[in-house]
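See below for the structure under consideration.
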2 protein chains.
Amino acid sequence: MLQQRSARLLSQFSSAPSRVFTPAYLRCRRAYSIHADASVGTKIQDIDPSKLSITKTTTPKDLLPPEELVFGRNFTDHMLSLEWTASQGWLPARITPYQNLSLDPATCVFHYAFECFEGMKAYKDKNGNIRLFRPDKNMARLNKSSARIALPTFDPDAMIDLIGQFVKLDSRFIPDARGYSLYLRPTMIGTQRTLGVGPPASALLYVIASPVGPYYPTGFKAVSLEATDYAVRAWPGGVGDKKLGANYAPCILPQMQAASRGFHQNLWLFGEEEYVTEVGTMNLFAAIKNKETGQKELLTAPLDGTILEGVTRDSVIGLAKERLEPQGWKVTERKFTMKELADAADEGRMLEVFGAGTAAIVSPVRKISWKGRLVECGLEDNVEAGPIALQMKEWMEAIQYGDEDHPWSYKLA
Amino acid sequence: MLQQRSARLLSQFSSAPSRVFTPAYLRCRRAYSIHADASVGTKIQDIDPSKLSITKTTTPKDLLPPEELVFGRNFTDHMLSLEWTASQGWLPARITPYQNLSLDPATCVFHYAFECFEGMKAYKDKNGNIRLFRPDKNMARLNKSSARIALPTFDPDAMIDLIGQFVKLDSRFIPDARGYSLYLRPTMIGTQRTLGVGPPASALLYVIASPVGPYYPTGFKAVSLEATDYAVRAWPGGVGDKKLGANYAPCILPQMQAASRGFHQNLWLFGEEEYVTEVGTMNLFAAIKNKETGQKELLTAPLDGTILEGVTRDSVIGLAKERLEPQGWKVTERKFTMKELADAADEGRMLEVFGAGTAAIVSPVRKISWKGRLVECGLEDNVEAGPIALQMKEWMEAIQYGDEDHPWSYKLA
């Protein structure tokens, strides 16, 4: 709410030109001081699901054969959209046929990357119910992301309600089989049509949905990573922990570089210490034996601002604490270095390494190229996944597909 | 060209889902290795200005009174657009009526910030000629920006030719008075319509134009800055030196914070040393007397990857070396700290501080809030600009408006 209010009050700033401050800006700034002190103001609207309007398509799409589904390439019949303005707040939500956005070429999303998004999935369970997985985590993160770039925030429960209605309307697109789901992409963009650099006075929140198949249709395939030391994805005090568009485009070139040398993804290191942070666009977990005690440890980088706060990451940690610690494991969020991993590999203490993200749940890692050597990550040549990765995928899917009753699974009414 | 080719070859990657790598990705990666080794391939088109098509508006706009012009709010009758595809390269340029872009909601510019831009101006000289200012610098920087985010590059001379034709067509929008100009916004966006994180297989380069008035219509007004120590704009190995949309949205909140405490802009410091980098969205210059020698020094941060490579910055340095050094000044690009500035102020060695950018040319600074104190920047209370800032504005405008013949001024034929 505070964020909404600040954005509203400061929207007048957006006439400030790029790279400078106008006399108009100075006048507005003074006006802001006055407004900010006033405790009364126009009440602006939060999201109200009861005001949803639905316009159904008159040209429903044919369903693709499940085996032809490609991530994020084909979308359902409809989309959910909500406009926001600084003066009115959130306007009534609309479900419409999937359609192009028509935007002035001066719209701020094209120039200053006022954009953030989420990735989440809807699943069909064995009884035909539709389930979301921890949608509250995605909505909380979207609010954090949007607030960081002066876009509006919203009531997360109201938004989950709307997403649920949208998913139900297009539920025929969710293939009824294990491993299949409907990938949901909530996206918020700034829509102000001026080139001044300032908080957008208008925004659009929309959700599109793409049916997707299993990530590894024929079983896990372990991947090889290249540790990136010449480019930095995120840093303390930056925005690498938010799901902003800004964090993605700059990552493509290092991925292409890694690919050109035969690696599937790059692994982002940070600092002279070469802390292990993220892999490509996933969080990373390493299972090693403690050098002193021999205890099995599941490590992942801490939320220090340099890694994305992955929902899958959080879920893996939660399940590991609940189900692996009783088996003698230690689950730790702490900084760890590439050298620690290499030492574990050299000393026979490396158990396994895997990425964690919404699309694949877990993605086992075979080896990491680092400083001219290959760090083997504990997999035998003919094995494509370690036991923890396999176990995690099983546990997660049991919850996601409703085989196991669990508070993380959100069944649509 | 290499960039174009890589983007083309790798475009098949873009079906890779967010945060993971598919088997399809792995197959494509192998395909890439093969392609990359092949020395022959389809020749893809660079920009060819002779293929420009022009569709004039049938509803020309009324010109606004010059005093009503607001930066980046009103645009001319037309826009220049060029589409690029990975398979064909640059398609023929088009000048059309200014119009909305119609884009699929899955378009990658909305999700992953595939976007970069330039800011430059066209001026009318006293003989009615139209002049650009160092357009080669803007095109070179746009190519650097686009290459860094896997967008295509282009022949800069061809693009300057097209921009010239566009500006001439809409030249009636350039007010014929000192201080007025036509702000040009070349923008490149990725237009691929899939959610896979990878190099876009299509892009759009467009230019829109906004008539603007003098930055300080009634003379300079010195500004106050707040040094930001809680957020970090850029990092070595990051992309802070490129003109990417990604660098802008995250800067709004610190600017709003500074504004809420009564400052016009924030000043970005870097590291424990608190190096002075940029102000808001401008480069920064400080003129101080050397502690040992008493020599006058004009300082600005070096191009170490943490500051934008400003065209105005480069021009100020060039003019200062040519015209101030013979007067005994020393012009230096080096790291300098906030403490150095504070010491200079405390010891009576502070001469003046100013920002430098396309919109205002120079923007004098009165004071900087830092660690609970105000560092005064050398201006008497009743003075709004120091002599170097005044001199620089005069020199720059003489070149921009063609009063002085100079290779930086590019007269349209």
**Message:** Does A/Glu272 have more than 12 heavy atoms from other residues, nucleotides or ligands lying within 6.0 Å of its CD?
**Reply:**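 At most 12 heavy atoms, drawn from other residues, nucleotides or ligands, come within 6.0 Å of this atom.
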**Message:** Does atom CD (A/Glu68) have a neighbourhood of more than 12 heavy atoms from anything else shown, all under 6.0 Å?
**Reply:** yes
Might you point out which heavy atoms bring [X] and [Y] nearest each other, and give the distance in Å?
X: B/Leu244; Y: A/Pro250; value: CD1-CG, 4.5 Å
X: A/Val109; Y: B/Glu115; value: O-OE1, 2.7 Å
X: A/Ala246; Y: B/Ala113; value: N-CB, 3.6 Å

**Asked** Which bit of A/Phe270 comes within less than 4.5 Å of chain B, counting heavy atoms only: side chain, backbone, both or neither?
**Response**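 Just its side chain gets close to chain B.
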Does some side-chain heavy atom of [Y] sit less than 4.5 Å from a side-chain heavy atom of [X]?
X: B/Pro236; Y: A/Trp235; result: no
X: A/Ile252; Y: B/Ile149; result: no
X: A/Leu103; Y: B/Phe110; result: yes

Where does [X] contact chain A at under 4.5 Å (heavy atoms): side chain, backbone, both or neither?
X: B/Leu101; answer: both
X: B/Pro254; answer: side chain
X: B/Ser102; answer: both
X: B/Tyr230; answer: backbone

Mind ranking [options] by heavy-atom pairs under 4.5 Å with chain A and telling me who comes out on top?
options: B/Ser81, B/Gly305, B/Cys116, B/Ala234; value: B/Ala234
options: B/Arg193, B/Lys242, B/Met188, B/Gln99; value: B/Gln99
options: B/Pro105, B/Gly190, B/Ala231, B/Gly237; value: B/Pro105

**Message:** Classify the ring geometry of B/Phe117 against A/His111: parallel below 30°, tilted from 30° to 60°, perpendicular beyond 60°.
**Reply:** perpendicular
**Request:** Go through A/Gly238, A/Ala106, A/Cys108 and name the one with the most non-hydrogen pairs under 4.5 angstrom from chain B.
**Result:**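 Heavy-atom pairs under 4.5 Å are most numerous for A/Ala106.
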**Complete:** Checked A/Ser210, A/Gly119, A/Ala249 vs chain B; the most non-hydrogen pairs under 4.5 Å come from A/Ala249
